[in-house]
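A short write-up of the structure that comes next.
Just so we're clear, the structure is a prediction, and the values are computed from it rather than from any experiment.
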Amino acid sequence: QVRLVESGGGLVQPGGSLRLSCQASGHTLDDYTIGWFRKAPGKEREGVSCISVGGDTIYSDSTKGRFTVSRDDAANTIYLQMNSLKPEDTARYYCATKAYKPTVCDSMRGSFFGSWGQGTYVTVSS
């Protein structure tokens with residue numbers, strides 16, 4: 001079974017950038033569609049982005065134009081480049097493998113995703 005580990009979180013000022021990584025072990029990542037999610041204190045989990053096996057991507061309305069998801073299957077890693085960060089982007093960010101319709105990004109419903117990492121925390125503050 002694939003195991004996911006997120007990294008790259010930290011403290012950044014508004015307007016700054018961070019790149020999150022989702023490293024897989026136990027299985028090659030090129031068989032999986034991967035979603036990025038975030039959970040802020042007091043808020044529900046939110047789907048941020050998804051990248052399919054074929055490289056198709058979708059984004060939430062709140063991150064479109066600022067975040068970019070990419071995959072490096074040779075490195076078994078998915079990346080989330082986050083630019084123009086805002087305080088409301090503060091959250092713990094998770095990656096997960098899509099279990100239902102696993103080859104396509106047709107939804108970022110959390111229940112459609114199976115294996116989850118432990119998350120990495122992003123704080124956007126001056």
Give, for atom OG of Ser49 and atom CE of Met108, the distance between the pair rounded to the nearest 0.5 Å.
6.5 Å

Under 3.5 Å: donor-acceptor pair, side chain of Thr33, backbone of Pro102:
yes

Treating Arg71 as the side-chain partner and Leu29 as the backbone partner, does any N or O pair qualify as donor plus acceptor under 3.5 Å?
yes

Phe113 ring center near Phe37 ring center (under 6.0 Å)
yes

Kindly state each residue pair satisfying side-chain hydrogen bond (donor to acceptor under 3.5 Å, both in side chains) with at least one member in residues 103-113, sequence neighbours excluded.
Lys98-Asp106

Quick one: closest heavy-atom pair of Trp36 and Leu20, and the distance?
CH2-CB, 3.7 Å

Under a 4.5 Å side-chain heavy-atom rule over Ile, Leu, Val, Met, Phe, Trp and Tyr, are Met82 and Tyr94 clustered together?
no

Could you check whether any side-chain N or O of Asp31 sits under 3.5 Å from a backbone N or O of Val53, counting only pairs where one atom can act as donor and the other as acceptor?
no

Sub-3.5 Å donor-acceptor pair from the side chain of Arg92 to the main-chain atoms of Gly119, do we have one?
yes

Scan for side-chain hydrogen bond (donor to acceptor under 3.5 Å, both in side chains) pairs involving residues 115-126, sequence neighbours excluded, and state none if there are none.
Gln1-Ser115

Donor-acceptor pair between Glu46 and Ser62 side chains, under 3.5 angstrom
yes

Is a side-chain donor or acceptor of Ser52 paired with a backbone partner of Asp56 at a separation under 3.5 angstrom?
yes

Is the closest basic N to carboxylate O distance between Lys86 and Asp89 below 4.0 Å?
no

Which heavy atom of Leu85 sits nearest a heavy atom of Leu18, and at what distance?
CD1-N, 3.9 Å

Between OG1 on residue Thr97 and CD1 on residue Ile78, distance to nearest 0.5 Å
11.0 Å

Taking all heavy atoms of Gln81 and all of Ser17, pick out the closest pair and write down the distance.
NE2-CB, 3.9 Å

For Gln23 versus Ala75, what's the shortest heavy-atom pair and its separation?
NE2-O, 3.3 Å

Transitive ILVMFWY side-chain link Leu4 to Val122, under 4.5 Å:
yes

Test item: Asp30 side-chain N/O and Asp73 main-chain N/O as donor-acceptor pair under 3.5 Å
no

